[in-house]
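Quick note on labels: first sequence line is chain A, next is B, and so on, each numbered from 1.
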Amino acid sequence: MGRADIVSHSDDHPPLAREELPDDTAALARYLIGKLVVRDLPEGRVSGRIVETEAYVVGDAAGHGFRGMTPRNRSLFLERGHAYVYLAYGISFMLNVSSDTQGTGTGVLIRALEPLEGIAIMRLNRGVERLRDLARGPGRLAAALRIDRSLDGLDLCREGPLWLARDGTETGAIGQSIRIGISKDAERLLRFYLKASPFVSGPGSLNR
DNA sequence: TATAAGATTATCT
DNA sequence: GATAATCTTATAT
């Protein structure tokens with residue numbers, strides 16, 4: 001309490017400007033490593049540092065936009081910096097950032113966060129205690145931040161219920177690998193992760 | 001209308 | 001390491 005009640009919300013984490021987001025989808029996926037995802041909930045603010053992403057690019061058979069726009073994936077075709085949220089395996093919501101120009105069905109999947117603010121809220125949302133398990137994995141981070149389809153299409157370059165922001169700290173070395181959990185176009189090196197982070201899911205993470 | 005696949009996770013051995 | 005859970009979506013019939 002105390003300080004958190006005094007600090008102005010709007011000045012804490014100014015949103016990333018759309019103009020600073022790289023046009024190229026793979027470049028955006030790399031750029032987002034070390035940035036913040038901020039979620040405002042009725043109980044308070046939840047945020048985390050992005051430590052793992054995947055790019056789904058033009059001509060990518062693994063991408064949801066590959067076969068054109070559908071009712072589910074239409075947000076992928078928005079101008080870069082918008083949320084595309086979908087339900088995977090009937091279980092887990094996935095948070096993506098739309099990329100490239102309007103009309104291009106590409107985006108970046110946010111795969112893992114290092115929890116920063118609102119960790120008590122994340123624990124309640126997830127039903128687990130272990131810090132490392134709160135947001136390690138795309139479905140887990142969506143649950144921790146209570147992200148669902150109601151946020152689909154949201155502009156992440158504006159402060160609101162969910163947005164992207166800069167972090168003051170330095171970003172460490174970034175690793176690159178094949179993507180996780182796909183079968184088509186599986187050989188492309190479009191996964192990016194913070195090498196030094198124990199909050200990365202899959203290969204590359206520490207303390208496994 | 002039917003069917004198979006899916007950008008996952010939790011739980012088991 | 002293997003598998004069940006769970007349900008929406010896309011595609012075919």
Subject >> Dot-bracket encoding per residue of DNA chain B, Watson-Crick/G-U cut-off under 3.5 Å, | denoting interstrand >> reply: ||||||.|||||.

Subject >> Quiz item: cation-pi between A:Arg72 and A:Tyr86, 6.0 Å / 45° >> reply: yes

Original post:
Cut-off 3.5 Å, side chains only: do A:Glu52 and A:Ser201 have a donor facing an acceptor?
Top reply: yes

**OP:** Examine the side chains of A:Arg49 and A:Thr169 and answer whether a donor and an acceptor come within less than 3.5 Å of each other.
**Re:** yes

Subject >> Near-strand residues of residues 173-191 of chain A, defined as heavy-atom separation under 4.0 angstrom from DNA chain B >> reply: A:Ile180, A:Gly181, A:Ile182, A:Ser183

**OP:** Anything under 4.0 Å to a heavy atom of chain A counts; send over the first and last such nucleotide of DNA chain C, read 5' to 3'.
**Re:** C:dA5 to C:dT11

**OP:** Carefully, step by step, assess A:Gln102 and A:His82 under the rule side chain to side chain donor-acceptor pair (under 3.5 Å).
**Re:** CA-CA 10 Å; A:Gln102 186 172 16; A:His82 289 78; over 6 Å; no

**OP:** Would you indicate whether the side-chain heavy atoms of A:Thr106 and A:Arg80 approach each other to under 4.5 Å?
**Re:** no

Subject >> side chain to side chain donor-acceptor pair (under 3.5 Å) between A:Ser177 and A:Arg191, intermediate numbers included >> reply: CA-CA 5 Å; A:Ser177 80; A:Arg191 171 174 173 260; 2.9 Å; yes

**OP:** Please examine the side chains of A:Thr53 and A:Arg111, heavy atoms only from C-beta on, and report whether any two atoms are closer than 4.5 Å.
**Re:** no

**OP:** Using the heavy-atom set of chain A and a strict 4.0 Å cut-off, write down the first and last nucleotide of DNA chain B that makes it in, 5' to 3'.
**Re:** B:dG6 to B:dA10

Subject >> A:Lys195 to A:Tyr193 six-membered ring, cation-pi geometry met (6.0 Å, 45°) >> reply: no

Subject >> Salt bridge flag under 4.0 Å for residues A:Arg45 and A:Asp12 >> reply: yes

**OP:** Pull out every residue in residues 84-96 of chain A that has a heavy atom closer than 4.0 Å to any atom of DNA chain B, ordered by number, or say none.
**Re:** A:Tyr86, A:Tyr89, A:Gly90, A:Ser92, A:Met94, A:Asn96

**OP:** Taking all non-hydrogen atoms of both residues into account, name the closest pair between A:Ala61 and A:Asp185 and its distance.
**Re:** N-OD2, 2.7 Å

Original post:
Is the shortest side-chain N to carboxylate O distance from A:Lys184 to A:Asp60 below 4.0 Å?
Top reply: no

Original post:
Between A:Glu20 and A:Arg166, is the closest basic N to carboxylate O distance under 4.0 Å?
Top reply: yes

**OP:** Heavy atoms only: give me the nearest A:Leu28-A:Ser99 pair and the separation to one decimal.
**Re:** CD2-CB, 3.7 Å

Original post:
Going by an N to O cut-off under 4.0 Å, is there a salt bridge joining A:Asp167 and A:Lys35?
Top reply: no

Subject >> Residues in salt bridge (charged side-chain N to carboxylate O under 4.0 Å, His left out) contact with A:Asp100, at least two apart in sequence or another chain >> reply: none

